[in-house]
Amino acid sequence: MLKAIKFVIYSAILLALLATAVFYGALTLSLPALSGSNSTDSIDQTTYLQRDDLGTAIIIAQNRSDASYALGFAHGQDRFFQMDLLRRNAAGELAALFGEAALPIDENRRFHQFRKRSEETFKRLPEADQRELEIYSNGVNDALAQLSLPPFEYLVTQTQPLPWKPEDSLLAIFSMYLDLQGRSLERDLLTDALYLQFGDDIAEFLLQPSPFQAALDDSIIKIKSKPVPELPSSLLETSQRVEIEKSIAVGSNNWAVEGSLTRNGKAMLSDDMHLGLAVPVIWYRTQLNIQSGDDLLQITGVSLPGAPAIVVGSNGHIAWGFTNGYMDTADWYRLNPKDKTRLETETIPLKEGEHKYLLEQSEFGPVRVINGQKYALSWVAHRDYAVNLNLMKLEQTTTVQQALDTSKTTGIPLQNMVLADSAGNIAWQATGALPDRREPFARPEPSNRYDKRWLQSAKHVPYVVNPKSGRIWTGNSRVVGAEKDKRFGNGGYALGARSAQIKQRLMEKDTFDIEDFYAIQLDNEAIFLQRWHGLLLGVLEQDTLLFQEDIKVLNDWHNCACEDSVGYTLVRKYRDALIDKLFAPLETKLEEQHLSLSLIERQIEPALWQLVSDRPESWVPSEVGDWNKFLVALYLEMRESLMIEMTGHADGSLQALKWGEVNQLKVQHPFSRQLPVLGNVLDMPSVQGFGDRFMPAVQGRTFGASQRLIVQPGDEINGVLTLPGGQSGHPLSPFYREGFESYINNAHTPLLPGPPVQQILFKPN
């Protein structure tokens with residue numbers, strides 16, 4: 001019997017070892033060859049793809065098309081599965097990879113028909129741009145064809161990779177539209193519901209302008225002080241316990257100062273785009289070296305795997321960076337019975353078979369039915385001018401003015417583009433797809449108010465060159481003046497506290513260097529929460545004996561989203577709890593229409609602060625009945641819930657609530673979220689968080705700076721480019737984790753690549 005048991009145990013161990021060996025063997029076979037020589041019909045002249053010790057793709061070519069081929073090859077080697085997810089996410093084709101569980105996502109995406117739009121857009125591109133995408137695609141597919149086995153993700157999903165098509169690069173850009181603007185599409189529907197369900201007073205109370213304003217011209221949208229409207233008792237009586245999503249997804253920053261404000265006399269630009277963090281990271285370190293005769297064009301920055309452009313970077317003459325613009329780029333129209341619509345069938349592929357999805361279309365856009373009423377969405381992403389390759393023209397520019405002129409017709413989601421050039425000039429421009437319609441609507445309007453200028457892009461976009469202050473800053477809040485805001489509208493601006501803090505930092509000094517800029521990127525001072533800190537302290541000081549430890553950690557909160565700050569956690573989470581509790585009556589009603597205040601949560605600060613300041617009786621939850629009792633009871637409830645979440649029990653030391661633990665950064669591979677056993681192999685190590693919302697150092701558990709760039713055109717050798725992970729998506733690649741340690745330690749890595757350690761030579765046939 002004992003021998004039999006031993007045999008079973010040893011057999012199980014051997015089988016496990018064999019399975020592990022097979023798994024790692026398959027992983028090894030799917031590793032790309034990073035050195036060697038290839039021949040291809042897709043290039044005109046000899047081209048090189050080199051990699052340094054960070055895995056940076058260093059491309060040496062004689063023309064831009066040959067460089068695109070090599071970049072496609074590099075992307076295909078290191079990131080094909082992630083590229084595949086980008087195109088499938090936009091096209092609504094995820095179910096073919098992940099099964100029927102992904103159908104709801106696919107149906108949501110099919111509403112926009114991006115696969116069809118990408119095919120039509122590709123046909124409209126200039127022949128030179130079509131050729132660029134074809135050559136890039138050839139590079140991607142040649143890299144895929146050289147693998148002995150497909151990327152390991154296809155082994156896990158038991159699927160086969162499909163070749164990359166030229167129009168798939170346009171789908172990658174459409175995927176960014178969904179990421180950057182998709183969440184804001186229902187804002188107008190929510191606003192309409194607020195007026196219809198709760199009346200003008202409550203709607204306008206919730207939609208007050210932000211007191212945190214940091215436009216470049218210092219203009220202020222005036223705030224008219226109004227009394228808090230009475231909340232109907234019926235809403236309190238039917239209120240349910242809710243948690244309103246606290247979106248951290250508005251967090252990108254960029255700024256620049258003129259050469260007169262730097263120690264070496266060169267203009268300086270900073271750009272840190274904040275996005276969801278996963279393995280691998282979204283951006284890809286890239287340097288293009290294009291030799292034309294005696295002239296060398298060197299472009300260094302990050303590219304988006306799936307497209308041939310350098311998204312953010314510098315060419316030695318000019319540097320550019322982006323943050324999401326959040327002007328109003330979508331309107332909903334109420335259809336009347338005379339408006340003609342048509343049904344179209346979308347075929348969604350599954351792992352086995354297919355699924356049919358009916359989509360209703362109108363001349364104004366795709367149709368959604370809400371409570372029997374038909375609404376059509378007019379969104380800039382649906383327009384002919386939404387996507388093109390004009391971003392690549394920035395690579396050839398040498399001055400701020402050239403860059404502004406070149407980028408006015410760039411087909412990308414609307415961005416705050418900040419520029420700096422080697423002559424010391426700086427500029428900002430609203431760059432990307434903007435409709436020419438003159439009146440953005442905050443609520444759905446009748447279809448007879450449709451403006452046909454939706455069909456063309458804006459002819460005049462706002463910009464600023466060399467402002468008097470010598471400084472430019474953006475942080476997803478309003479940048480244009482108060483008057484121009486009426487023309488371009490609010491498409492989901494950030495609150496403005498972060499932009500105001502960046503502006504404050506820039507005004508504190510008259511001379512800057514790289515380290516000064518990096519300090520602003522890492523600035524986690526809790527300026528926005530200071531008044532909330534004061535409020536909570538006042539609440540707890542009503543009972544100094546009961547809250548002795550709480551008061552102590554609040555007094556020692558360091559005024560920052562610091563790793564060891566317990567006080568910061570209490571203030572931040574208390575404000576969140578107030579949002580959930582005070583607005584629960586409204587949220588409960590909105591949920592009946594599948595809407596949520598989460599769409600404007602980051603903008604209801606004025607209403608929230610007015611409630612806790614004025615303390616109107618009608619808003620106090622009926623089970624408490626008294627504001628003082630309510631504020632104390634809510635704190636106790638919040639603290640107990642947080643303690644249970646972090647420790648598993650309600651009692652214990654508050655030291656368990658250090659912000660670094662509560663806001664722990666977890667950069668994970670998508671597969672490990674479903675199969676935690678893969679976490680040790682695929683994920684980055686979990687680390688204590690140090691930043692938060694409403695401050696330059698934006699960081700959540702799965703969200704943060706997707707890159708940190710600081711550069712002075714003409715002095716790239718001292719530039720900084722830090723990414724939260726490595727180049728390759730293959731866990732056995734030497735570049736899988738490179739750069740992550742520097743990122744989490746707030747150390748910076750160089751913009752320019754180091755000496756090459758590997759090289760692939762491409763020869764024309």
Visitor: Could you tell me whether Asp556 and Lys552 make a salt bridge, using a distance below 4.0 angstrom between a side-chain N and a carboxylate O?
Guide: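 Result for this pair is no, no salt bridge flagged.
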Visitor: Between the side chains of Glu601 and Arg693, is the shortest nitrogen-to-carboxylate-oxygen separation below 4.0 Å, so that they form an ion pair?
Guide: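 A salt bridge links Arg693 with Glu601.
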Visitor: Between the side chains of Glu661 and Gln688, does any donor sit under 3.5 Å from an acceptor?
Guide: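 Their side chains do contain a donor-acceptor pair, which is all the 3.5 Å distance test asks for.
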Visitor: Do Phe81 and Phe671 have their ring centres less than 6.0 Å from each other?
Guide: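 Yes, the ring centres sit under 6.0 Å apart.
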Visitor: Counting only heavy atoms from other residues, nucleotides and ligands, does the tally under 6.0 Å from CG of Asn555 exceed 12?
Guide: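 Atom CG in Asn555 is crowded, with more than 12 foreign heavy atoms closer than 6.0 Å.
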Visitor: Verify whether one side chain among Trp557 and Ser565 offers a donor that lies under 3.5 Å from an acceptor in the other.
Guide: no
Visitor: So, do Val711 and Val720 sit near enough that their side-chain heavy atoms are less than 4.5 Å apart?
Guide: no
Visitor: So, for His669 and Tyr736, is the gap between ring centers shorter than 6.0 Å?
Guide: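 Ring-ring flag for His669/Tyr736: false, centres at least 6.0 Å apart.
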Visitor: Are the side chain of Ser210 and the backbone N or O of Leu495 linked by a donor-acceptor pair below 3.5 Å?
Guide: yes
Visitor: Name all pairs fulfilling the side-chain hydrogen bond (donor to acceptor under 3.5 Å, both in side chains) condition that reach into residues 636-645, sequence neighbours left out, sorted by first residue then second.
Guide: Arg241-Glu637, Asp550-Arg639, Glu645-Arg701
Visitor: Could you please spell out the steps behind the side chain to side chain contact (heavy atoms under 4.5 Å, CB included) verdict for Tyr154 and Phe80?
Guide: CA-CA 11 Å; Tyr154 296 99; Phe80 185 82; 3.3 Å; yes
Visitor: Between Pro606 and Pro211, is any pair of side-chain heavy atoms under 4.5 Å apart?
Guide: yes
Visitor: Kindly indicate, with the supporting measurements, whether the criterion side-chain hydrogen bond (donor to acceptor under 3.5 Å, both in side chains) is fulfilled by Ser270 and Gln521.
Guide: CA-CA 8 Å; Ser270 169; Gln521 289 185 348; 2.8 Å; yes
Visitor: Hey, which of Asn324, Thr323, Val312 is the one that makes side chain to side chain contact (heavy atoms under 4.5 Å, CB included) with Met273?
Guide: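 Option passing the side chain to side chain contact (heavy atoms under 4.5 Å, CB included) with Met273: Val312.
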Visitor: Keeping Asn476 on the side-chain end and Gly251 on the backbone end, is there a donor-acceptor pair under 3.5 Å?
Guide: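 Such a contact is found between Asn476 side chain and Gly251 backbone.
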Visitor: Heavy atoms only: give me the nearest Gln542-Val632 pair and the separation to one decimal.
Guide: NE2-CG2, 4.0 Å
Visitor: Does any N or O in the side chain of Glu587 come within less than 3.5 Å of the main-chain N or O of Ile244, such that one atom is a donor and the other an acceptor?
Guide: no
Visitor: Please round to the nearest 0.5 Å and tell me the distance separating atom CG of Asn490 and atom OG of Ser184.
Guide: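 Separation between the atoms: 8.5 Å.
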Visitor: Any side-chain heavy atom of Phe583 within less than 4.5 Å of one from Leu578?
Guide: no
Visitor: Taking only residues two or more places apart in sequence, or in another chain, which ones meet Pro305 in a side-chain contact (heavy atoms from CB on, under 4.5 Å)?
Guide: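 Counting only residues at least two positions away or on another chain, Pro305 forms a side-chain contact (heavy atoms from CB on, under 4.5 Å) with His75, Arg79, Met83, Tyr284.
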Visitor: Could you tell me whether the side chains of Thr722 and Gln707 share a donor-acceptor contact shorter than 3.5 Å?
Guide: no
Visitor: Within the supplied structure, the quantity of interest is the number of heavy atoms (other residues, nucleotides, ligands) at a distance under 6.0 Å from Glu549 CD; does it exceed 12?
Guide: yes
Visitor: Counting only N and O atoms by type, is there a donor-acceptor contact under 3.5 Å from the side chain of Arg88 to the main-chain atoms of Glu93?
Guide: yes
Visitor: Under 3.5 Å, side chain of Tyr743 to main-chain N/O of Ala705, donor-acceptor pair present?
Guide: yes
Visitor: Working to the nearest 0.5 angstrom, can you tell me the gap between Leu180 CG and Ser252 OG?
Guide: 8.0 Å
Visitor: For the CG atom of Leu608 and the CG atom of Leu206, what is their distance to the nearest 0.5 Å?
Guide: 10.5 Å
Visitor: Assess whether atom CD of Glu541 is packed by more than 12 heavy atoms of other residues, nucleotides or ligands within 6.0 Å.
Guide: yes
Visitor: Is Asp53 reaching over with its side chain to a backbone N or O of Gly754, donor-acceptor style, under 3.5 angstrom?
Guide: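 Flag not set: sc Asp53 to bb Gly754 has no pair under 3.5 Å.
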Visitor: Is a donor on one side and an acceptor on the other found under 3.5 Å between the side chain of Asn416 and the backbone of Thr474?
Guide: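 Pair absent, no side-chain N/O of Asn416 close to backbone of Thr474.
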Visitor: Hey, are Arg575 and Glu605 close enough for a salt bridge, meaning a charged N less than 4.0 Å from a carboxylate O?
Guide: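 Judged by the 4.0 Å cut-off on N to carboxylate O distance, Arg575 and Glu605 do form a salt bridge.
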Visitor: Going through the checks in order, is the side chain to side chain contact (heavy atoms under 4.5 Å, CB included) test met by Arg673 and Leu682?
Guide: CA-CA 10 Å; Arg673 294 171 186 167; Leu682 299 179; over 6 Å; no
Visitor: Of all heavy-atom pairs between Gly475 and Ala494, which one has the smallest distance, and what is that distance?
Guide: O-CB, 3.8 Å
Visitor: Could you give all pairs that pass the side-chain hydrogen bond (donor to acceptor under 3.5 Å, both in side chains) test and reach residues 648-660, with sequence neighbours left out?
Guide: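 Residue pairs passing side-chain hydrogen bond (donor to acceptor under 3.5 Å, both in side chains), neighbours aside: none found.
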Visitor: Can you tell me how far apart CD (Gln504) and CD1 (Ile520) are? Round to the nearest 0.5 Å.
Guide: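 These two atoms lie 10.5 Å from each other.
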Visitor: Taking side chain as C-beta onward, heavy atoms only, is Leu506 less than 4.5 Å from Trp473?
Guide: yes
Visitor: Look at the side chain of Gln727 and the backbone N and O of Arg285, then say whether any donor-acceptor pair between them is shorter than 3.5 Å.
Guide: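 Yes, because the side chain of Gln727 sits within donor-acceptor range (under 3.5 Å) of the backbone of Arg285.
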Visitor: Has Arg602 got a side-chain atom pairing as donor or acceptor with Gly492's backbone, closer than 3.5 angstrom?
Guide: yes
Visitor: Atom CG in Asn108, atom CG in Asn89: separation rounded to 0.5 Å?
Guide: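 Rounded to the nearest 0.5 Å, the CG-CG separation comes to 9.0 Å.
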Visitor: Taking atom NZ as the centre, does Lys509 end up with more than 12 heavy-atom neighbours from other residues, nucleotides or ligands that are less than 6.0 angstrom away?
Guide: yes
Visitor: Is the shortest side-chain heavy-atom distance between Thr647 and Leu657 below 4.5 Å?
Guide: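 With C-beta onward as the side chain, the pair stays apart.
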Visitor: Can you tell whether the side chains of Lys246 and Asp580 come within less than 4.0 Å, N to carboxylate O?
Guide: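 So Lys246 pairs with Asp580 through a salt bridge.
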Visitor: Could you check whether atom CD of Glu508 has more than 12 heavy atoms from other residues, nucleotides or ligands sitting under 6.0 Å from it?
Guide: yes
Visitor: Report the C-alpha distance between Glu245 and Arg183 in whole Å, list the side-chain angles of each, state the deciding distance to 0.1 Å, and finish with yes or no for side chain to side chain contact (heavy atoms under 4.5 Å, CB included).
Guide: CA-CA 12 Å; Glu245 182 185 353; Arg183 192 173 183 276; 3.8 Å; yes
Visitor: Over all heavy atoms of both residues, which pair between Leu190 and Ser596 is shortest? Give the atoms and the distance, please.
Guide: CD2-O, 3.3 Å
Visitor: Which word best sums up how the rings of Phe694 and Phe528 line up, parallel for under 30°, tilted for 30 to 60°, or perpendicular for over 60°?
Guide: tilted
Visitor: Could you tell me if the side chain of Ile527 sits less than 4.5 Å from the side chain of Met695, heavy atoms only?
Guide: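 A side-chain contact under 4.5 Å is absent here.
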Visitor: Can Arg505 and Asp523 be counted as an ion pair, charged N to O under 4.0 angstrom?
Guide: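 Looking at Asp523 together with Arg505, the answer is yes, because their closest N to O distance falls below 4.0 Å.
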Visitor: Does one side chain, of Thr702 or Gln668, offer a donor that lies under 3.5 Å from an acceptor on the other?
Guide: no
Visitor: Provide the closest heavy-atom pair for Thr286 versus Ser303 in the form atom of the first, atom of the second, distance.
Guide: OG1-OG, 2.7 Å
Visitor: Just do the side chain to side chain contact (heavy atoms under 4.5 Å, CB included) check on Ile710 and Leu269 with the steps written out, would you?
Guide: CA-CA 6 Å; Ile710 304 172; Leu269 176 139; over 6 Å; no
Visitor: When you check the side-chain N and O atoms of Ser742 and His748, is any donor under 3.5 Å from an acceptor?
Guide: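 Side-chain D/A pair, Ser742 to His748: absent.
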Visitor: Looking at Leu171, is its backbone amide N or carbonyl O close enough to the side chain of Ser175 to form a donor-acceptor pair, meaning the two atoms are under 3.5 Å apart?
Guide: no
Visitor: Is there side-chain contact between Trp320 and Val418, with at least one heavy-atom pair below 4.5 Å?
Guide: no
Visitor: Counting C-beta onward and ignoring hydrogens, is there a side-chain heavy-atom pair between Tyr574 and Leu631 closer than 4.5 Å?
Guide: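 In short, these two side chains touch, coming nearer than 4.5 Å.
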Visitor: Rounded to the nearest 0.5 Å, what separation is found between the CG atom of Asn559 and the OH atom of Tyr568?
Guide: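 Asn559 atom CG to Tyr568 atom OH measures 10.0 Å (nearest 0.5 Å).
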